[in-house]
Amino acid sequence: MNYWLMKSEPDSFSIDALAAAPGRTTGWDGVRNFQARNFLRDGMQQGDLAFFYHSSCAVPGIAGIVKVVRTGYPDPTAFDAAHHHYDADSDSSNPRWYMVDVKLVKKLKRIITLDELRSHASGKLKNMILLKRGNRLSITPVTKTEWDFIASLE
DNA sequence: GCCAACGTTGGC
DNA sequence: GCCAACGTTGGC
């Protein structure tokens, strides 16, 4: 059982969009970064939990909790020339990009903001990848200690 | 293998 | 819209 943080821009896909999706489940497609791809393909296990993080928006922060309900499989949007996330270097016989399916566990009662997380950056969240300078990774592992602490903030 | 150029991320 | 930080590409 592992813990993760997954970023999404709410203008493209928000926690409310997930709540409204069929089965409250979505395919986490479109990741085009090798390190994040490796987490999707090799790291995530059935039943893992992840924070759903809103990025590039007015109030960046953690908006909810999701669960991995399908482990890594090839991202078909990479094969579709008409798709925004098309990648000519990926093909179905040798896929480059992977995705998982996640299901909403719960929407938090409030956003746990980036500011609030930062206020613990010299304490409990000292090693949190999200808070490291210049971090841009859209999928990052979270330790159990970090997870439990953040969950207790709600 | 180096590194400059470029595109992207994401907070502000 | 700005810009710092970063990942990727491609020339050499």
Side-chain angles (χ1 to χ4, degrees), chain A residues 2-21 26-44 48-66 68 71-102 104-143 145-147 149-154:
Chain A
N2 303 306
Y3 300 95
W4 308 91
L5 181 142
M6 304 171 81
K7 293 182 188 173
S8 181
E9 299 186 19
D11 287 348
S12 334
F13 193 78
S14 67
I15 192 85
D16 290 328
L18 178 57
T26 192
W28 204 269
D29 62 14
V31 171
R32 296 293 179 266
N33 168 282
F34 289 104
Q35 209 177 342
R37 185 281 310 271
N38 293 345
F39 289 137
L40 290 171
R41 187 187 60 186
D42 310 324
M44 287 191 178
D48 281 0
L49 294 175
F51 289 127
F52 188 114
Y53 179 90
H54 280 173
S55 67
S56 291
C57 56
V59 186
I62 294 169
I65 292 173
V66 298
V68 176
T71 55
Y73 62 100
D75 179 349
T77 64
F79 308 142
D80 178 358
H83 198 282
H84 180 59
H85 293 301
Y86 175 64
D87 180 357
D89 291 334
S90 185
D91 69 84
S92 51
S93 67
N94 186 22
R96 172 183 277 203
W97 304 116
Y98 282 72
M99 58 188 284
V100 299
D101 289 354
V102 299
L104 183 64
V105 172
K106 70 166 182 174
K107 177 181 171 179
L108 299 190
K109 297 186 206 78
R110 64 181 187 93
I111 303 270
I112 298 176
T113 65
L114 179 59
D115 276 353
E116 182 172 358
L117 295 171
R118 277 229 177 89
S119 74
H120 301 284
S122 51
K124 289 262 173 55
L125 302 180
K126 186 170 47 178
N127 297 316
M128 193 171 186
I129 296 169
L130 177 75
L131 304 181
K132 302 224 184 224
R133 190 175 127 102
N135 166 72
R136 297 186 322 180
L137 252 189
S138 64
I139 311 272
T140 54
V142 171
T143 67
T145 307
E146 290 162 350
W147 180 276
F149 176 70
I150 293 167
S152 78
L153 295 174
E154 182 188 4

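What you see below is based on every heavy atom in this structure, not just the backbone, and it leaves out hydrogens, waters and symmetry mates. Just so it is clear: chains get the letters A, B, ... in the order the sequence lines come, proteins before strands, and each one is counted from 1.
One finds a salt bridge joining A:R32 and A:D75 here, because a Lys/Arg side-chain nitrogen approaches an Asp/Glu carboxylate oxygen to under 4.0 Å.
Here the side chain of A:N33 is nearest to one of C:dT9, C:dG7, B:dG10, namely C:dG7. Checking B:dG11, B:dG7, C:dT8 against the side-chain heavy atoms of A:R136 singles out B:dG7 as nearest.
Partners of A:D42 according to the side chain to side chain contact (heavy atoms under 4.5 Å, CB included) rule, which considers only residues two or more places apart in sequence or in another chain, are A:N38.
In this structure, A:M6 places its CE atom 16 Å from P of B:dT9, rounding to the nearest Å. Following rounding to the nearest Å, A:N135 (CG) and C:dG7 (P) show an atom-to-atom distance of 9 Å. Atom C1' of nucleotide C:dA4 and atom NZ of A:K132 are separated by 19 Å, given to the nearest angstrom. The CG-C1' distance, from A:L130 to B:dG11, rounds to 11 Å in whole Å. In this structure, A:I129 atom CD1 and B:dT9 atom P are separated by 19 Å, rounded to whole Å. Rounding to whole angstrom units, CD of residue A:Q35 and C1' of C:dT8 are separated by 13 Å. A straight line from CG of A:D11 to P of B:dG11 spans 12 Å, rounded to a whole angstrom. Look at CZ on A:F13: it is 17 Å from P on B:dG10, rounded to the nearest Å.
You'll find the ring centres of A:Y73 and A:W97 outside the 6.0 Å limit.
Using a 4.5 Å heavy-atom threshold, the side chains of A:I139 and A:M44 count as touching.
In this structure, A:K7 does not reach the B:dT9 phosphate: none of its side-chain N or O atoms is under 4.0 Å from OP1 or OP2. Considering only side-chain N and O atoms, A:R133 lies under 4.0 angstrom from the phosphate OP1 or OP2 of C:dA5. Contact annotation: A:Y53 side-chain N/O to B:dG11 OP1/OP2 distance is under 4.0 Å.
Tested against A:M128 for a side chain to side chain contact (heavy atoms under 4.5 Å, CB included), the candidates A:R118, A:E146, A:H120 yield a single pass: A:E146.
Considering OG of A:S55 and CE of A:M6, their distance stands at 12.5 Å, rounded to 0.5 Å.
For the segment residues 113-121 of chain A, the set of residues with a heavy atom within less than 4.0 Å of an atom of DNA chain B comprises A:L114, A:R118, in numerical order.
The minimum heavy-atom distance between A:H54 and A:A63, with the atom names listed, is CE1-CB, 3.7 Å.
Using a 4.0 Å heavy-atom criterion, one finds that A:R32 contacts no nucleic acid atom at all. Within 4.0 Å (heavy atoms only), A:S55 reaches sugar-phosphate atoms of the nucleic acid but no base atom.
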